[in-house]
Protein chains: 2
Amino acid sequence: MTKNKTKIRQTGCPVAFGLDIFGDRWTLLVIREIMLRGRRTYSEFMEMEEEIATNILIDRLKSLEAEGLVDKERDPQNRRSFLYSLTKKGRDLAPILLEIIIWSGEHDKRSFALTEVLEKIEADREGFESGLRSEKGC
Amino acid sequence: MTKNKTKIRQTGCPVAFGLDIFGDRWTLLVIREIMLRGRRTYSEFMEMEEEIATNILIDRLKSLEAEGLVDKERDPQNRRSFLYSLTKKGRDLAPILLEIIIWSGEHDKRSFALTEVLEKIEADREGFESGLRSEKGC
DNA sequence: TTAATTAGCTTGCGTTTTGCAAGGCGTGAC
DNA sequence: GTCACGCCTTGCAAAACGCAAGCTAATTAA
């Protein structure tokens, strides 16, 4: 396992604290897979269109579990598979993901027909947030 | 200059789009310095308690400028210095920063007396957001 | 008008992380 | 048994990071 996140910045700043946990190019994409797409297994995560490498994926899954953002359990239906699910701490990342989606929607030139979705989000932030697993936005 | 952010993931997902721009351990800390602490120059950024290296700082400033999140201009008062300031695109990151602060406030065990600030934020999100440059939270 | 200082930036080099390809191992199906 | 599936490890090259040193242009001090 690549020894990731070696340097932890205990400065007390909440921004730095958050970035120490999910401040990289892959962690929030794994969260997105679970939260927005309902994917739950290693092989489902491997299907994401951004083409994550196997060692990076397993590294992020381990650190997410170590940080208490996801739980890992055997799939009762298929006992050679594992199911990853968000803890409360993980689910609480929803507003951050939502704000990233809003920001990108406003500033991504290629934002293909996302505008209408964005207007809905802005109009009903609460409602959207509670129903985040409904495929909108991504 | 370290050739940063080589791989750009044009998948159309707004989460990936955002992470391509600020998905690393330093970019949002530079934004924090400007937005929350009112710092504007290279040497002021070097004073941040997380001890950023000079080459990393200049690399991030250049990519922030290239992405149109900050503007750079000569300081009229001190013509050997430059002033960095947020563009609209940069200022629009405020809600993301705010949500990170809220998340960390809830999940950082060492969250020294931040709780009361958080309650204020939650109670008056709009108000807090518009006055983000007021030293609270960080 | 020359020397020193300040602010911003570059360079070199060792370490860490990432990306990619290949392969290994445990579980369950046949 | 043997085979396939799902999860995970390993090896190696490339990129990014971290650290220390030094360079350059603008300003101030002598």
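Here is the naming used below: chain letters follow the sequence lines, and residue numbers restart at 1 for every chain.
In this structure, of D:dG18, D:dC8, D:dA21, it is D:dC8 that holds the atom nearest to the side chain of A:T54. Of all nucleotides listed (C:dA7, C:dC20, C:dC9), C:dC20 comes nearest to the side chain of A:N55. When distances are taken from the side chain of B:W26 to each of D:dG18, C:dC9, D:dC8, the shortest belongs to D:dG18. Comparing D:dC7, C:dC9, D:dC8 against the side chain of A:Y84 picks out D:dC8 as the nearest. Of the candidates D:dG6, D:dG18, C:dC9, D:dG18 carries the atom nearest the B:I56 side chain, counting heavy atoms from C-beta on. Residue B:S43 places its side chain closer to C:dG8 than to any other of C:dC9, C:dG8, D:dC8. Comparing atom distances between the A:A53 side chain and each of D:dG6, C:dG19, D:dC19 picks out C:dG19 as nearest.
Partners of B:D71 according to the salt bridge (Lys or Arg N to Asp or Glu O under 4.0 Å) rule, which considers only residues two or more places apart in sequence or in another chain, do not exist here. For B:E51, there are no side-chain hydrogen bond (donor to acceptor under 3.5 Å, both in side chains) partners, not counting sequence neighbours. For B:A53, the side-chain contact (heavy atoms from CB on, under 4.5 Å) criterion is met by B:N55, B:I56, not counting sequence neighbours. In this structure A:E49 satisfies the side-chain hydrogen bond (donor to acceptor under 3.5 Å, both in side chains) test together with A:R37, sequence neighbours excluded. Residues satisfying the side-chain contact (heavy atoms from CB on, under 4.5 Å) criterion with A:D75, sequence neighbours excluded, are A:Q77, A:N78, A:S81, A:L83.
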For nucleotides 26-30 of chain C, list the nitrogen or oxygen atoms of the protein found under 3.5 Å from its nitrogen or oxygen atoms, one pair per line.
{"unit_1": "C:dT27", "atom_1": "O2", "unit_2": "A:R80", "atom_2": "NH1", "d": "3.4"}
{"unit_1": "C:dG28", "atom_1": "OP1", "unit_2": "A:R79", "atom_2": "NE", "d": "3.4"}

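Taking 4.0 angstrom as the limit, A:K72 places a side-chain polar atom (N or O) nearer than this to OP1 or OP2 of D:dC8. Checking the phosphate oxygens (OP1, OP2) of D:dC17, a side-chain nitrogen or oxygen of B:R60 falls inside 4.0 Å.
Spacing between atom CZ of B:F82 and atom C1' of C:dC9 amounts to 10 Å, rounded to whole angstrom units. What separates CD of B:E50 from P of D:dG18 is a distance of 12 Å, to the nearest Å. Remark: C1' of D:dC7 and CD of A:E65 are 13 Å apart, rounded to the nearest angstrom. In this entry the distance linking CG of A:D24 with P of D:dC17 reads 12 Å, nearest Å. If you take CD1 of B:I52 and C1' of D:dC19, they are 13 Å apart, rounded to a whole angstrom. For the pair B:R25 CZ and C:dT18 P, the interatomic distance rounds to 10 Å; values are reported in whole Å. As rounded to whole Å, 11 Å separates atom C1' of C:dG8 from atom CE of B:M46. The distance from atom CG of B:L57 to atom P of D:dC17 is 13 Å, rounded to the nearest whole Å.
Counting any heavy atom pair closer than 4.0 Å across all strands shown, A:F45 reaches no nucleic acid atom.
Only one option out of A:L57, A:I58, A:D59 pairs with A:I52 in a side chain to side chain contact (heavy atoms under 4.5 Å, CB included); it is A:L57.
At a threshold of 4.0 Å, the pair B:R60-B:E67 does not count as salt-bridged, since none of the basic side-chain nitrogens sits closer than that to a carboxylate oxygen. Of the charged side-chain nitrogens involved, none lies within less than 4.0 Å of a carboxylate oxygen, so that B:E44 and B:R39 do not count as a salt-bridged pair.
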